[in-house]
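Proteins come first, then strands; the chains are lettered A, B, ... in the order of their sequence lines, and each starts at number 1.
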Amino acid sequence: MSMRRRRYTDELSAANDGERVCIAGWVHEKRDLGGVFFLILRDFGGLAQVTLHRGDVDKELFARAKRVPRESVVAIEGRVKGEEKAPSGYEIIPERIEVLNESSQILPLDTTDKVGAELDTRLDARFMDLRRERVKHIFIIRSRVLRAIRDFFNERGFMEVNTPKIVSAATEGGTALFPISYFEREAFLNQSPQLYKQMLMASGFDRVYEIGPIFRAEEHDTTKHLNEATSVDIEVAFATEEDVMSILEELVAHVYTQIADYPGLSRLGTGLEEGFDVPKVPFPRITYDEAIELVSESGEQIEWGEDLSASAEHVLGETMGEHYFIIEWPSAIKPFYAQPSPHRSDICTAFDLMHPRLELASGSQRVHSYELLRANIESKGLSADDFEFYLDAFRYGMPPHAGWGLGVERLLMSMLRVDNIREVVLFPRDRRRLVP
RNA sequence: GCCCGGGUGGUGUAGUGGCCUAUCAUUGAGCCCUGUCGAGGCUCGGACUCGGGUUCAAAUCCCGACCUGGGCGCCA
């Protein structure tokens with residue numbers, strides 16, 4: 001059977017009536033009515049009904065079609081017949097059915113969604129879970145989101161870069177790293193491309209972006225954390241935090257715009273049957289001071305200089321209702337590379353992009369002074385010697401610059417209203433899961 | 001790391017000490033049925049996480065282990 005002649009089920013319709021075609025895929029369902037037998041074939045495009053009438057088709061073919069186990073892979077040659085009684089307006093009258101690979105029974109999951117399955121069960125049999133329609137659409141959307149992000153940056157003169165994922169030292173502090181064995185030394189999986197993208201600012205690559213994996217060894221076990229995630233990172237020279245905040249909100253709006261008309265949104269089962277609204281730019285900005293004030297009105301007290309708790313973020317999300325920025329954070333709870341505010345010594349240029357449900361991104365203008373950066377590293381209790389490879393870039397002409405990092409999975413789960421971040425990763429890595 | 005839940009056929013579930021030879025759906029095997037689209041009807045097969053304990057009696061109560069869901073903390 002030639003793959004060149006293979007057609008997708010969604011390319012066909014009643015308009016192809018009479019054409020001889022070849023389709024291939026999985027046996028999604030079988031309905032045996034005695035004298036008439038329906039085999040529902042599934043490929044990447046969708047479903048097609050293959051109809052066999054006893055008497056009209058070869059006896060052997062009829063019997064073999066009934067015997068093929070569900071989820072087996074088959075290639076079918078036959079004629080398209082426009083048929084109002086068929087679910088998609090046409091059916092295939094087969095002349096040949098070739099079983100390319102028979103599926104074992106009983107299946108680990110139901111691909112027809114008649115019976116549910118828990119996430120853990122689904123992830124154990126992820127290859128089969130991904131055959132389910134709603135799950136497939138999540139990853140088609142994910143792919144489209146990544147494409148939209150690349151288009152956005154490429155159109156704006158950004159250069160895509162790749163920085164190392166195996167690194168020598170604790171990068172930013174704050175989070176736990178995965179140690180790995182690197183020949184005779186210890187190394188780590190990178191928690192973020194932060195230091196490397198900043199170093200590129202000193203190279204004159206003044207608008208860079210990277211989409212890549214980040215690794216966090218935190219032993220958290222929640223619906224919004226992963227130990228291996230994907231981040232979109234940018235760094236822009238001669239820019240302030242306001243400049244990169246504009247880029248960020250425009251990016252989010254662009255991504256929403258690109259996905260808003262995707263028909264598969266309605267198949268997700270997450271309440272997006274009517275699609276979604278593209279968030280309006282600019283997003284509201286509230287300062288950290290305003291944020292803790294708002295939270296205190298709801299009864300929860302946050303001391304100035306403390307990070308916002310989960311319940312505080314929830315209160316803010318309720319109040320703000322849509323995407324918003326929290327700006328002017330205390331320097332003490334932001335990383336060493338956040339540039340201090342020009343107006344106040346105890347706050348910095350850092351910002352967080354919040355969705356009502358969770359934090360999506362954080363960024364800042366960066367410290368570009370070697371002396372200040374070195375002092376900041378030391379004052380955070382880190383050793384400046386470990387950062388020599390990074391600090392060197394600041395001694396020979398580092399322009400002012402700003403940037404941010406955005407969690408792809410968080411963007412997706414918030415956009416698609418998915419409850420668990422694992423849903424938007426093909427093979428998620430969490431506290432317990434290392435396979436598949 | 002802390003707190004609170006849960007582990008019953010392949011999958012999803014009912015069952016809070018004896019009515020359990022364990023419910024229902026779906027899946028699987030088989031039979032009937034010539035227009036199904038969650039097809040329908042009939043027959044059959046298939047499970048109490050593991051190890052201790054309490055009791056005349058444990059799926060059910062207790063202890064431990066393992067697995068697992070959620071919340072908090074940390075973090076993006």
Side-chain angles (χ1 to χ4, degrees), chain A residues 28-40 47-57 62 66-67 69-71 81 83-89 91 93 103-125 128-129 132 172-177 191-194 213-233 306-314 333-335 350-355 357-363 404-411 413-414 419-422 430-433:
Chain A
H28 185 66
E29 273 189 281
K30 300 192 289 179
R31 287 191 207 104
D32 185 355
L33 279 68
V36 62
F37 179 79
F38 300 105
L39 184 155
I40 313 301
L47 303 173
Q49 176 164 292
V50 180
T51 306
L52 296 90
H53 288 274
R54 182 197 286 148
D56 291 359
V57 293
F62 192 77
K66 287 195 180 190
R67 274 200 312 270
R70 285 173 64 214
E71 294 302 326
K81 184 185 167 205
E83 173 57 71
E84 278 186 16
K85 285 179 280 186
S88 40
E91 59 192 16
I93 311 300
S103 172
S104 295
Q105 304 293 311
I106 304 163
L107 305 172
L109 285 176
D110 172 26
T111 55
T112 63
D113 284 327
K114 283 178 206 160
V115 185
E118 288 189 0
L119 186 59
D120 193 54
T121 307
R122 292 171 43 206
L123 292 176
D124 281 342
M128 185 161 286
D129 184 48
R132 297 165 64 221
E172 305 169 35
T175 194
L177 299 173
Q191 71 172 96
S192 105
Q194 181 64 32
I214 55 172
F215 304 91
R216 309 281 166 103
E218 299 293 336
E219 296 196 3
H220 37 47
D221 203 356
T222 78
T223 54
K224 44 186 141 184
H225 291 88
L226 292 164
N227 292 295
E228 177 177 0
T230 309
S231 83
V232 177
D233 267 84
E306 276 179 20
D307 210 342
L308 300 176
S309 65
S311 60
E313 282 186 9
H314 183 74
I333 52 173
K334 285 294 175 183
F351 58 86
D352 281 2
L353 172 64
M354 308 296 296
H355 177 274
R357 282 176 55 205
L358 74 172
E359 180 183 339
L360 296 182
S362 61
W404 45 253
L406 164 73
V408 171
E409 287 81 10
R410 289 193 168 186
L411 176 64
M413 75 182 287
S414 58
D419 290 332
N420 195 313
I421 199 165
R422 294 163 182 80
D430 63 32
R431 177 71 185 88
R432 299 188 182 95
R433 186 171 288 278

When you measure from the side-chain N and O atoms of [X] to the phosphate of [N], is any distance below 4.0 Å, counting only OP1 and OP2?
X	N	answer
A/Arg216	B/C75	no
A/Lys114	B/U27	yes
A/Arg70	B/G28	yes
A/Asn227	B/C75	no
A/Thr121	B/G12	yes
A/Arg433	B/U68	no

Indicate, with a heavy-atom threshold strictly under 4.0 Å, whether [X] touches base, sugar-phosphate, or nothing.
X	value
A/Asp32	base
A/Leu33	base
A/Leu406	nothing
A/Ser231	nothing
A/Pro108	sugar-phosphate

Notebook entry, point to check: Hey, is A/Asp124 close enough to A/Arg433 for a salt bridge, meaning N to O under 4.0 Å?
Noted result: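 Salt bridge flag = yes for A/Arg433 with A/Asp124.
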Check: Of the non-hydrogen atoms in A/Glu218 and A/Ala176, which two are nearest, and what is the gap between them?
Finding: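 What the structure gives for the nearest pair is OE2-N, 2.9 Å.
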Checklist line | Shortest non-hydrogen separation from A/Ser414 to A/Leu360 and the atoms involved | finding: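 Closest approach of A/Ser414 to A/Leu360: OG-CD2, 3.6 Å.
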Check: On a whole-Å scale, what distance lies between the P atoms belonging to B/G12 and B/U27?
Finding: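 The answer is 15 Å between these two P atoms.
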Check: Checking only heavy atoms, does the side chain of A/Glu118 share a donor-acceptor pair with the base of B/U68 at less than 3.5 Å?
Finding: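 Side chain to base: no pair below 3.5 Å.
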Note to self: Can you tell me whether the side chain of A/His220 and the base of B/C74 have a donor-acceptor pair closer than 3.5 Å?
What the structure shows: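 No such pair is found, so the answer is no.
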Note to self: Once pairs are restricted to Watson-Crick or G-U wobble with both distances under 3.5 Å, how does RNA chain B read as a dot-bracket string, [ ] for crossings and | for other-strand pairs?
What the structure shows: (((((((..(((.....[.....))).(((((.......)))))....(((((..]....))))))))))))....
With respect to the side chain of [X], which nucleotide from [options] is positioned closest?
X	options	value
A/Val115	B/C37, B/G35, B/G12	B/G12
A/Ala117	B/G73, B/U11, B/U36	B/U11
A/Ala310	B/G35, B/G70, B/C72	B/C72
A/Arg432	B/G69, B/U11, B/G35	B/G69
A/Ile106	B/G73, B/G28, B/G38	B/G28
A/Thr222	B/C72, B/G70, B/U11	B/C72

Check: Can you tell me if A/Glu91 and A/Thr51 form a side-chain donor-acceptor pair at under 3.5 Å?
Finding: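 Short answer, yes.
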Check: Does a side-chain heavy-atom distance below 4.5 Å link A/His220 with A/Asn227?
Finding: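 A side-chain contact under 4.5 Å exists here.
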